[in-house]
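Report on the following structure.
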Amino acid sequence: MSSAEAVRATSSALLDKKFAPANRNMAQTLRWLVLFAGGVLMVMPIAYMISTSLKWPHEVYNVNLIPDEPTLDNYLFVLEDGRFYMWFINSGIIATLTTISNLLFDSLVGYTLCKFRFPGRTLVFVAILSTLMIPTEMLVIPWYLMSQSFGWLDSYWGIMFPGLMTGFGTFLMKQFFESVPDDFIEAARIDGLNELQIWWTVAMPLVKPALAALAIFVFLGNWTAFLWPLIVTNSTEMYTIPVGLSGFGDEADVAWELIMTGAAISTIPTLIVFLIFQRFIIRGVVMAGLKG
């Protein structure tokens, strides 16, 4: 290599070394800008919901986020309406019981499909997964006919029974139980534990992140469910929050400020559930990264 080439190579290396931190900073800044833009897009509907809940009826269709004359009268009206408490309690009971049912049955079936060998196991698993491909709208009529024949219309049981166990939850739990070492299961059997004890005391504590994620998905899904509760309920006393809030308006005049107020209040339990279970999800992600 000639001296001129050596000088050019040295200069190029020095320039690369000089501008490398600037390029890294620019890339990091770009990533933060993209994340910030995504965060703004996610927060905007919530901000608009809260903004609308603080507006008078004549301001609802103004797109400004800050109301000209903020008011809490909408919150007072909704909270003083006794029906809202009934809807709130109904949604809480249905979402809580359905979540508990999913955590128990989905994890039990997932554990059985993962840790036991029996004829037709794969066929059963495929049949459960196939339920994920069927749109909910196609199942509404069979569900309704079943509820009608068993006398479950306009009842908690009629609202809950389609979601007491889900194919998604079974699939999720089975995949997480795959990470539980079989040696732990065999050691527990040697110690004299029966299969239910092994499932509850050995396997379940090792899949807490999956349980937390499933609890959040199921609770949110049932808390915000609208179509099936609307079809299966007849009386106002059995309405859930989404169905009840739709009654704050009719075809001629929809009280969006009241609907947004009720929606804002109804988000509180979902935030509480997420705050309770998020640490388990974060721990699971961290452990998965360490295992990888």
Original post:
How about F219 and W223: are their ring centroids closer than 6.0 Å?
Top reply: yes

**OP:** Would you mind listing the cluster partners of L33? Hydrophobic ones only (ILVMFWY), side-chain contacts under 4.5 Å, chaining allowed.
**Re:** none

Subject >> Aromatic F116 / basic R189 pairing, under 6.0 angstrom, 45° off normal >> reply: yes

Original post:
Hey, is the main chain of I93 close enough, under 3.5 Å, to the side chain of T96 for a donor-acceptor pair?
Top reply: no

Original post:
So do I272 and L275 actually touch side chain to side chain, heavy atoms under 4.5 Å?
Top reply: no

**OP:** Return each pair, listed once, that meets salt bridge (charged side-chain N to carboxylate O under 4.0 Å, His left out) where at least one residue sits in residues 146-175; pairs must be two or more places apart or across chains.
**Re:** K174-E178

Subject >> Side-chain donor or acceptor of N90 paired with backbone N/O of E237 under 3.5 Å >> reply: yes

Subject >> More than 12 heavy atoms from other groups under 6.0 Å of OH on Y75 >> reply: yes

Original post:
Would Y239 and L245 satisfy side chain to side chain contact (heavy atoms under 4.5 Å, CB included), going step by step from the backbone distance to the final call?
Top reply: CA-CA 9 Å; Y239 283 174; L245 290 179; over 6 Å; no

Original post:
Among all residues two or more places apart in sequence or in another chain, which pass the salt bridge (Lys or Arg N to Asp or Glu O under 4.0 Å) test with D182?
Top reply: K115

Original post:
Is there side-chain contact between W157 and S147, with heavy atoms separated by less than 4.5 Å?
Top reply: no

Original post:
Mind checking whether F177 and W199 have ring centres under 6.0 Å apart?
Top reply: no

